[in-house]
2 protein chains.
Amino acid sequence: MKIGQAAQTTGLSAKSIRYYESLGLVQSERLDNGYRHYSPQCLKELQLVASARQVGFSLEECRSLLMMFNNQECRSIDVKNQVLGKVAQIDQQVQQLTSIRTTLLELAERCIGDESPQCAILQNLTAPQNPMRFTLVEGEQGTENSND
Amino acid sequence: MKIGQAAQTTGLSAKSIRYYESLGLVQSERLDNGYRHYSPQCLKELQLVASARQVGFSLEECRSLLMMFNNQECRSIDVKNQVLGKVAQIDQQVQQLTSIRTTLLELAERCIGDESPQCAILQNLTAPQNPMRFTLVEGEQGTENSND
DNA sequence: CTTGACCTTAACCTTGTGGGAAGGTTTATT
DNA sequence: AATAAACCTTCCCACAAGGTTAAGGTCAAG
């Protein structure tokens with residue numbers, strides 16, 4: 001199967017498939033004319049990446065899934081743990097978004113919302129003090145003093 | 001105030017501040033030696049961007065907020081609407097994440113999770129049929145037949 | 001023989017930020 | 001005065017995860 005068909009079958013774009021190959025995720029054989037050729041096994045690998053991407057796995061996580069898929073000694077508990085780890089990660093994201101949402105609603109509540117230019121939201125956002133304390137779950141935003 | 005101080009005050013990095021300026025978000029005056037100088041007003045603008053970023057606004061959305069902040073004829077209802085729009089956007093994200101989470105848990109449930117290499121998760125993810133139907137909120141993935 | 005569909009590589013665009021090079025300024029210490 | 005440290009400047013590269021376009025090779029049909 002050539003790349004166009006593989007793309008259509010998996011729902012990926014041909015460009016993405018080539019990109020995955022350049023990252024060493026899913027190899028392909030080559031025909032005499034240089035075209036990529038995908039065996040049923042490789043197609044499964046592509047499908048794995050496609051499905052995993054849809055449920056939020058990064059390409060590096062897909063790499064891990066692919067290794068487990070291709071490893072005969074793989075334990076299903078490991079796969080399950082990776083999935084549950086992703087669930088935990090999603091929970092964190094949801095928590096963070098929910099916290100931000102609360103902050104935004106608090107901001108909006110303080111704003112009268114009429115024709116006047118006086119806006120409590122802007123006043124809050126431009127105030128150096130009180131910098132929107134919503135719980136930071138992970139230290140991703142925490143680069144506060146890189147130049148101390 | 002020079003950029004280092006401005007960075008420390010706002011919690012932004014000097015790099016980011018320069019980047020914002022290159023995008024035309026927050027201008028700066030220059031001292032004789034070429035160093036950037038920030039007036040209290042400009043500092044407020046930087047603070048606005050910093051706070052808005054923390055609650056999930058993109059830089060383009062920050063641009064919009066800055067314009068409202070600097071426009072005397074700005075109506076607070078517009079600011080409020082922008083904030084509420086962001087809330088709606090977050091709601092969508094949460095909904096999508098929740099849907100993915102459900103899918104992942106369903107996958108995990110089907111997996112025994114022991115030492116055996118037989119894994120229902122991998123079987124599900126590599127199956128071309130049944131491609132993880134979770135509701136797509138927006139049509140962002142819909143580039144299926146670019147080579148028809 | 002040419003058109004059109006398919007394939008190839010390569011390069012640049014995105015978003016927002018970090019890292020670092022190479023060099024100019026200022027300040028503080030020797 | 002000299003020198004080192006701490007600033008500042010611009011410019012380029014990198015990341016994820018591809019999208020888009022360019023320039024060209026291959027193949028089948030008309």
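Each chain gets a letter, A, B and so on, in the order the sequences are listed, and its residues count up from 1. Just so it is clear, the structure is predicted and the values come from calculations on it, not from any experiment.
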Confirm from the modelled atom types if K15(B) and dG20(C) form a donor-acceptor pair under 3.5 Å, side chain to base only.
->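 Under the 3.5 Å cut-off, the side chain and the base do form a donor-acceptor pair.
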Contact residues, residues 57-67 of chain A to DNA chain D [heavy atom, < 4.0 Å] =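 S58(A), L59(A) - these, ordered by number, are the residues of the stretch whose heavy atoms sit under 4.0 Å from the strand.
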Are the side chain of [X] and the backbone N or O of [Y] linked by a donor-acceptor pair below 3.5 Å?
{"X": "T126(B)", "Y": "L122(B)", "value": "yes"}
{"X": "S76(B)", "Y": "C119(A)", "value": "no"}
{"X": "N70(B)", "Y": "L66(B)", "value": "yes"}
{"X": "H37(B)", "Y": "M1(B)", "value": "yes"}

Between [X] and [N], is there a contact of a side-chain N or O with OP1 or OP2 at under 4.0 Å?
{"X": "R30(A)", "N": "dT9(C)", "value": "yes"}
{"X": "N33(A)", "N": "dC27(D)", "value": "yes"}
{"X": "Y20(A)", "N": "dA17(D)", "value": "no"}

Who are the salt bridge (charged side-chain N to carboxylate O under 4.0 Å, His left out) partners of E21(A), not counting sequence neighbours?
->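 E21(A) satisfies salt bridge (charged side-chain N to carboxylate O under 4.0 Å, His left out) with R30(A), R36(A) only.
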Between atom [atom1] in [X] and atom [atom2] in [N], what is the gap in whole Å?
{"X": "Q5(A)", "N": "dA5(C)", "atom1": "CD", "atom2": "C1'", "result": "13 Å"}
{"X": "K2(B)", "N": "dT26(C)", "atom1": "NZ", "atom2": "P", "result": "9 Å"}
{"X": "L23(B)", "N": "dG16(C)", "atom1": "CG", "atom2": "P", "result": "8 Å"}
{"X": "L25(B)", "N": "dT17(C)", "atom1": "CG", "atom2": "P", "result": "10 Å"}
{"X": "M1(B)", "N": "dC7(D)", "atom1": "CE", "atom2": "P", "result": "14 Å"}
{"X": "L31(A)", "N": "dC7(C)", "atom1": "CG", "atom2": "P", "result": "11 Å"}
{"X": "I3(A)", "N": "dT9(C)", "atom1": "CD1", "atom2": "C1'", "result": "12 Å"}
{"X": "Q54(B)", "N": "dG16(C)", "atom1": "CD", "atom2": "P", "result": "15 Å"}

Looking at Y38(A), is K2(A) sitting on its ring face, NZ or CZ under 6.0 Å from the six-membered ring centre and within 45 degrees of the normal?
->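 No, K2(A) does not lie over the aromatic ring of Y38(A).
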So, is the end of the K86(B) side chain (NZ or CZ) under 6.0 Å from the ring centre of F57(B) and within 45° of the ring's axis?
->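 Geometry flag: set, cation within 6.0 Å and 45°.
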Bending between helix ends of the helix from dC1(C)-dG30(D) to dT30(C)-dA1(D) [5 pairs per end, 10° resolution] =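 Computed angle between terminal axes is 40°.
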Find out whether Y35(A) and I3(A) are in side-chain contact, i.e. whether some heavy atom of one side chain is under 4.5 Å from a heavy atom of the other.
->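 Counting from C-beta outward, Y35(A) and I3(A) never come under 4.5 Å.
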Check whether any side-chain heavy atom of R53(A) lies under 4.5 Å from a side-chain heavy atom of Y20(A), and answer yes or no.
->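 Result yes, sub-4.5 Å side-chain heavy-atom pair found.
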Mapping E21(A) and Y19(B) to their closest nucleotides on DNA chain C, which lands nearer the 5' end?
->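 Residue closer to the 5' terminus by nearest nucleotide: E21(A).
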Below 3.5 Å between N/O atoms, which protein atoms pair up with nucleotides 3-6 of chain D? Just atom names and distances, please.
none

Return the set of residues passing side chain to side chain donor-acceptor pair (under 3.5 Å) with T9(A) (not counting sequence neighbours), or none when no residue passes.
->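 T9(A) satisfies side chain to side chain donor-acceptor pair (under 3.5 Å) with no residue once adjacent residues are dropped.
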When you get a sec, tell me which of dA17(D), dT26(D), dT9(D) is the closest nucleotide to the side chain of R36(B)?
->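 Closest nucleotide among those given: dT9(D).
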Side chain of S13(B) only, please: which of dT17(C), dA16(D), dG18(C) is the nearest?
->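 The listed nucleotide nearest to S13(B)'s side chain is dG18(C).
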Give a yes-or-no answer on whether the side chains of Q27(A) and E45(A) include a donor-acceptor pair shorter than 3.5 Å.
->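 Result is no, nothing qualifies.
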Residues in side chain to side chain contact (heavy atoms under 4.5 Å, CB included) with I77(B), at least two apart?
->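 Per chain and number, I77(B) pairs via side chain to side chain contact (heavy atoms under 4.5 Å, CB included) with R75(B), N81(B).
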With a 4.0 Å cut-off on heavy atoms, is R18(A) in touch with a base, just the backbone sugar-phosphate, or nothing at all?
->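 Since a base atom lies under 4.0 Å of R18(A), the category is base.
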